[in-house]
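Below you'll find the structure, written out as structure tokens, and then a few comments.
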Amino acid sequence: MSSFAAPPRTAPFVYQLNQGRNIAAPWYPPTENYTTHEVDDNISPDQTHQIDIQKCPITSVTVFQSNKALVSRQIDVTISKEGEQLIVVDGFTTNLIEDSIKVSGVGNAVFRGVTFKSNVKTIKNDTTKRDQIKQQIDLIDDKIRELDRKYLILTKQHEFIKNYKKSVLKVSTADSNVEKLLDPQTLQLMTNYTLFDNKQSEVNHASLSTTQQEIDNLNKERQSLSEQLSKEKPQEETLFKRVAELSIYAPECTSVSLEFKYKTLKAQWQPLYDMRVDSVSNKYEISYYANISQATDEDWMEANIKLSTADPNLMSKPPVLYPHYLSTQHHYNNRHIAASSSSVRRRDDSYDEEDEEDEMIEDKYKEREVGGGGRGGSLMRKSSIKQVVTTPQEGATSSVFYIPRLATVKSDSSFKGTKVAVAKVSGDCVLSHYTVPKMDPNAYLKLESTNESDYTFLRGPTQLFVDSNFVASTQFPFVVPGEQFEMFIGQDHGVKVEYMLPTTFKESRSGVFVEGTSTKQMERRCHVKNCKKTQIKVTVVDQYPKSTVDKIKTKLLVPEFRPLPNNAPKGQVQIVNNAPLVDSKLVASKIELDDDNILKWTVDVPPGEEFKTYIKYTVSWPSESAINEDTL
């Protein structure tokens, strides 16, 4: 198959569709109504073949991670009359990428050309039911407005009665004529008013509750009608129809089989992992899955699925670095900056990595399909039952995974996706512990291994299990075949870490008639105890301050280091004093110190034993200067 670095612009192209051979037509530019051949208007109806692309079987789908998919469908055409034939293909979704159509075929015919048309058509729909629903909604709106007014009146009545009662009680309590208040007639009047108030309040409250309930019921009915209205077609509807017209010449009555490829948007796949680690045997097993989701408005039914790691949105060539000029006023030359910015493009329009990758693997993929083996089988694995997994194919710049069974992925706007198995990978690993007690008094289990499989692991969410127990959710790193990798797989509470706050060991000041210097000698300690039944390797990370100004000096006293020769790698130092502490039996097998004053101890700790780190350093600064001594 031929590959094109850019869409061809010359016309016409004539390709012979020879029996048993596939010769691809070129990628056509996205120009509307662009054609490589003038279609004969006198083609008879029996020489015109109407094809709905959605009814044509899918031969394969290549899903990319960059919101695209390459769909390949098979179109079989029976030619009952020799001569020029017109194949009209429609039914494309709005997510089709117009300049991605590619046609190849098998049969005794001559391929003349392709015309791609985009037609916009406005149609009027029957809105009788829609109008009836709108009328019902309008009537409900009128009822709700009337009930709202009623509810407002009842609320005002309720407030009036409540306020009137307050005013009556206020006047009564302020009346100094006690005898008048105790008069039987007055008492009877107050009793009658209280009974009236209670009865009226009950009636008012009941009316308010009933009215509110009626409003709520009408709102529910209105919501239901609004949902029905949203499903009804509008009065006028604009249809966007895309049609591809293929012109071929058949010298005799025959049958041709066309492979119709096109790209569509709104399709993607995401890697998922289940990783199980056995800390006794130092082995791991990774279940590699892919979650395929698409909202292309077409269902992929019983299709061969391929998953590609290619990213066609990336640039195919590096950007150009232009000179960086400075003027005497220290301003950048905008002309060169603008040129530099314009040279950095998201992608090179003349190159599509998807096309190259697909063509490189297409023949091998078809050879695999001829045997028909490897399909079916259970995706779950128990004991000795083997799991059906994908076959990886490494390309020049990416990998492609072949799903060994037919899969159905339906269009779903929610992008929930379909989970398929990619691979089961197992291997040996080295487990160790890592702790940064100054920041977190916990020890973390660290896994180191090499990807000895043929699969590229992409960055993706991972469920971690250690000794059959779920420990954490994390992200698996990007790892190519043969690459070493490391990752942290959760906290291990079988290792106890205790970190002591820094203490001042000695403090001094110098200078009376000249500029004085303040000096503090500090200590930091950490204890790491192995509470497990097996020996572990632990890396402890700590630090001492690093000065960013010349006036403040720091010096490490313990552990004592001596610089290596000048030709030694940067950051490596030699340990001079690595004696254990007075109350510790263990000595670190390695201590590292980097340029940021970060220290790392690596030590093997037997069961029940405790390793202790110890740092002693001094900090000096001018006495007249103030520093935050809490940060020492």
Side-chain angles (χ1 to χ4, degrees), residues 275 277-280 282-284 428-450 464 466-467 471-472 474-477 479 483-502 523-546 556 558-561 564 568-581 583-617:
M275 187 173 187
V277 181
D278 188 342
S279 64
V280 178
N282 283 354
K283 293 184 179 294
Y284 68 87
D428 298 324
C429 62
V430 176
L431 297 177
S432 61
H433 290 77
Y434 193 95
T435 179
V436 188
K438 181 181 178 181
M439 307 299 295
D440 182 5
N442 287 293
Y444 289 80
L445 199 58
K446 181 181 179 181
L447 179 146
E448 297 175 89
S449 184
T450 301
L464 286 172
V466 178
D467 298 332
V471 293
T474 185
Q475 288 285 324
F476 204 89
V479 186
E483 181 183 4
Q484 294 182 348
F485 68 95
E486 61 181 39
M487 59 187 299
F488 292 98
I489 56 175
Q491 299 177 1
D492 188 350
H493 298 291
V495 180
K496 183 179 179 182
V497 181
E498 185 179 5
Y499 188 72
M500 291 73 173
L501 294 176
E523 291 182 341
R524 292 178 183 267
R525 297 173 182 266
C526 175
H527 298 176
V528 180
K529 185 175 182 179
N530 179 12
C531 301
K532 304 170 72 68
K533 297 180 180 180
T534 57
Q535 179 172 292
I536 61 173
K537 177 176 286 187
V538 180
T539 298
V540 183
V541 182
D542 205 348
Q543 66 181 165
Y544 71 98
K546 181 179 178 66
L556 180 65
V558 179
E560 184 181 353
F561 288 87
L564 288 174
K570 183 180 179 181
Q572 292 189 8
V573 291
Q574 182 176 342
I575 303 170
V576 175
N577 180 14
N578 189 25
L581 299 179
D583 56 347
S584 176
K585 299 186 298 182
L586 301 178
V587 179
S589 59
K590 182 173 65 173
I591 304 180
E592 300 174 87
L593 174 67
D594 65 16
D595 295 333
D596 293 324
N597 295 354
I598 305 295
L599 292 112
K600 291 184 180 179
W601 291 262
T602 302
V603 60
D604 293 321
V605 183
E609 295 293 336
E610 187 175 45
F611 174 68
K612 300 179 181 181
T613 65
Y614 176 59
I615 303 176
K616 182 189 291 186
Y617 59 93

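Here the structure is a predicted model, which is why all the values come from computation and not from measurement.
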Do the side chains of [Y] and [X] get nearer than 4.5 Å, heavy atoms only?
{"X": "Met487", "Y": "Pro477", "answer": "yes"}
{"X": "Glu486", "Y": "Lys446", "answer": "yes"}
{"X": "Leu447", "Y": "Val277", "answer": "yes"}
{"X": "His527", "Y": "Met500", "answer": "yes"}
{"X": "Tyr617", "Y": "Arg524", "answer": "yes"}
{"X": "Leu599", "Y": "Leu556", "answer": "yes"}
{"X": "Val497", "Y": "Cys526", "answer": "yes"}
{"X": "Val466", "Y": "Ile489", "answer": "yes"}

I need the [X] [atom1] to [Y] [atom2] distance, nearest 0.5 Å.
{"X": "Tyr544", "Y": "Ile598", "atom1": "OH", "atom2": "CD1", "result": "10.0 Å"}
{"X": "Leu464", "Y": "Thr474", "atom1": "CG", "atom2": "OG1", "result": "6.0 Å"}
{"X": "Ser432", "Y": "Asp492", "atom1": "OG", "atom2": "CG", "result": "11.0 Å"}
{"X": "Glu498", "Y": "Glu610", "atom1": "CD", "atom2": "CD", "result": "7.5 Å"}
{"X": "Asp440", "Y": "Thr435", "atom1": "CG", "atom2": "OG1", "result": "7.0 Å"}
{"X": "Ser279", "Y": "Leu445", "atom1": "OG", "atom2": "CG", "result": "7.5 Å"}

So, [X] side chain and [Y] main chain: donor-acceptor pair closer than 3.5 Å or not?
{"X": "Thr450", "Y": "Glu483", "answer": "no"}
{"X": "Thr613", "Y": "Arg525", "answer": "no"}
{"X": "Asn530", "Y": "Val605", "answer": "yes"}

Does a salt bridge link [X] with [Y], judged by any charged N lying under 4.0 Å from a carboxylate O?
{"X": "Glu609", "Y": "Lys529", "value": "no"}
{"X": "Lys600", "Y": "Asp594", "value": "no"}
{"X": "Asp596", "Y": "Lys546", "value": "no"}

- Task: Starting from the C-alpha separation in whole Å, work towards a yes-or-no answer on salt bridge (charged side-chain N to carboxylate O under 4.0 Å, His left out) for Asp428 and Lys283.
- Result: CA-CA 4 Å; Asp428 298 324; Lys283 293 184 179 294; 2.5 Å; yes
- Query: For Glu523 and Ile615, what are the C-alpha separation, side-chain angles and deciding distance, and is it a side chain to side chain contact (heavy atoms under 4.5 Å, CB included)?
  - Reply: CA-CA 6 Å; Glu523 291 182 341; Ile615 303 176; over 6 Å; no
- Query: Stepwise, does the side chain to side chain contact (heavy atoms under 4.5 Å, CB included) test hold for Asn282 with Val430?
  - Reply: CA-CA 6 Å; Asn282 283 354; Val430 176; 6.0 Å; no
- Relative to the ring of Phe485, is the ring of Phe476 parallel (under 30°), tilted (30 to 60°) or perpendicular (over 60°)?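 Correct class here is tilted.
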With a 3.5 Å cut-off and sequence neighbours excluded, list the donor-acceptor pairs that the side chains of residues 533-542 form with protein atoms.
residue, atom, partner, partner atom, Å
Asp542, OD1, Tyr499, OH, 3.3
Asp542, OD2, Tyr499, OH, 3.3

- Residues that Tyr434 engages under ring pair (Phe, Tyr, Trp, His ring centres under 6.0 Å), provided they are two or more places apart: Phe488
- Message: The criterion is ring pair (Phe, Tyr, Trp, His ring centres under 6.0 Å); which residues satisfy it with Tyr444, sequence neighbours excluded?
- Response: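 Tyr444 satisfies ring pair (Phe, Tyr, Trp, His ring centres under 6.0 Å) with no residue once adjacent residues are dropped.
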- Message: Quick check: closest heavy atoms across Pro559 and Tyr614, and the distance to 0.1 Å?
- Response: CD-O, 3.7 Å
